[in-house]
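First up is the structure itself, then whatever we jot down about it.
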Amino acid sequence: MKLPDAHFPTDPQDLPDRRPGLLRSAGAAALLFCLSTFAISAFRASLNPDEVFDLYHPKRIVLIAAGALVFWLAIRGRAGARPGLPMLRRMALVGLPGLAVLFVLAMAFDIWVMHETANLAARNLRWILLWSGYFGTGLAAWLALSYGTALAEAEQQAVDRLAIGEAQDGALDQGFWVKTGRQTLHIAQGDVEWIEAEGNYVRIHAANGANGLVRSTLAAIESQLEADQFMRTHRSALCRRSAIRGYRRKPSGALLALLASGAEAPMGRRFARELTGQMRSLAGDESDLDDTVSRRTDNAQAA
């Protein structure tokens with residue numbers, strides 16, 4: 001008894017993008033960096049007793065906005081890239097010149113806007129070093145989030161692909177539900193070793209020894225199997241090609257196919273001739289393939 005057809009996605013490329021919005025949008029990450037550096041810078045300035053605290057100091061606003069632009073340029077287009085040394089090099093090629101530009105901008109703002117020239121280089125060098133710490137911390141946080149998300153996404157995609165593969169395998173190898181006594185068992189098509197007809201039923205034999213009945217005909221079951229995997233060995237039997245190890249002749253003259261599990265299945269003479277022809281090139285003599293021939297030769301020699 002076959003299971004109904006399964007429905008499953010066929011293209012792993014259609015899997016959804018599960019990256020957070022922060023990683024999909026460099027602009028959102030840069031805005032968060034801007035707000036964070038503004039809050040930290042303002043808090044630090046409020047603790048300085050030598051200066052009058054001004055939350056919206058023009059220089060702070062301009063430099064933090066410019067710093068956010070440098071941060072955005074450093075991470076722009078990197079969201080889909082694999083974290084590693086190449087990414088760090090590309091970020092450094094943007095970040096280091098950006099720090100130099102910010103230093104020059106800070107000095108220019110003091111000279112032309114604030115008209116403050118005392119300790120100009122030292123004051124702005126201290127600021128740029130502090131901002132470098134903000135910049136490095138922001139990049140480290142973004143890289144950690146990017147790397148962690150990439151790992152989680154790769155793991156989830158692996159799970160999705162495994163689920164798709166299992167669904168595809170299930171659709172191709174749905175197997176059979178068979179009855180044995182009071183039990184109903186499932187035998188996957190890949191586990192089937194041979195099949196025999198029993199009146200209005202068909203008995204499915206698995207390689208592990210399990211077996212059971214299905215109400216069907218041998219021809220109907222044969223139509224559900226892969227033709228290159230199974231073959232008729234008798235009008236009442238089907239065998240998996242790879243499971244056939246040879247054959248033997250009963251005293252009555254009937255032939256039995258020897259299977260990998262140790263089971264024996266009925267075999268017709270036509271198939272025996274085909275099998276003998278295939279094996280003769282390896283064995284060299286038909287008597288090597290037929291134990292009854294060997295026994296007759298031994299008895300003649302003894303007489």
Side-chain angles (χ1 to χ4, degrees), residues 15-114 116 119-157:
L15 298 175
D17 185 359
R18 296 182 177 86
R19 288 177 298 166
L22 181 62
L23 291 179
R24 292 197 298 269
S25 172
L31 178 60
L32 179 61
F33 174 77
C34 178
L35 296 175
S36 300
T37 53
F38 176 80
I40 296 172
S41 176
F43 177 73
R44 184 186 61 81
S46 68
L47 299 179
N48 189 352
D50 298 330
E51 296 181 3
V52 178
F53 175 65
D54 183 2
L55 179 62
Y56 299 107
H57 193 284
K59 182 180 179 181
R60 179 183 299 116
I61 299 297
V62 170
L63 293 181
I64 287 178
L69 177 61
V70 173
F71 184 83
W72 176 77
L73 291 173
I75 67 172
R76 182 173 61 93
R78 310 286 191 264
R82 181 179 179 181
L85 290 178
M87 178 185 287
L88 292 177
R89 284 195 295 267
R90 289 193 296 268
M91 288 181 171
L93 290 176
V94 175
L96 294 179
L99 292 178
V101 171
L102 288 177
F103 180 69
V104 173
L105 179 62
M107 294 184 64
F109 194 92
D110 282 345
I111 295 173
W112 293 326
V113 178
M114 305 300 297
E116 297 177 359
N119 298 322
L120 182 65
R123 184 173 64 252
N124 286 290
L125 181 61
R126 183 182 62 179
W127 181 88
I128 203 67
L129 290 176
L130 287 173
W131 191 89
S132 298
Y134 303 156
F135 183 76
T137 303
L139 284 183
W142 189 86
L143 285 171
L145 180 60
S146 178
Y147 186 68
T149 304
L151 288 178
E153 185 179 15
E155 180 180 0
Q156 185 60 49
Q157 287 188 351

Show the atom names and distances, to 0.1 Å, of all donor-acceptor pairs under 3.5 Å that link a side chain in residues 26-37 to residues at least two apart or in another chain.
residue, atom, partner, partner atom, Å
Ser36, OG, Leu32, O, 2.8
Thr37, OG1, Phe33, O, 2.9
Thr37, OG1, Cys34, O, 2.9

Show every donor-acceptor pair shorter than 3.5 Å between a side-chain atom in residues 91-105 and any protein atom, with sequence neighbours excluded, or say none if there are none.
none

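Judged as a side chain to side chain donor-acceptor pair (under 3.5 Å), the pairs with a partner in residues 100-113 (not counting sequence neighbours) are, in order, Lys59-Asp110, Asp110-Arg123, Asp110-Asn124.
For the pair Phe109 and Leu63, the minimum side-chain heavy-atom distance is 4.5 Å or more.
Separating the CE atom in Met107 from the CG atom in Leu125 is a distance of 9.5 Å, to the nearest 0.5 Å.
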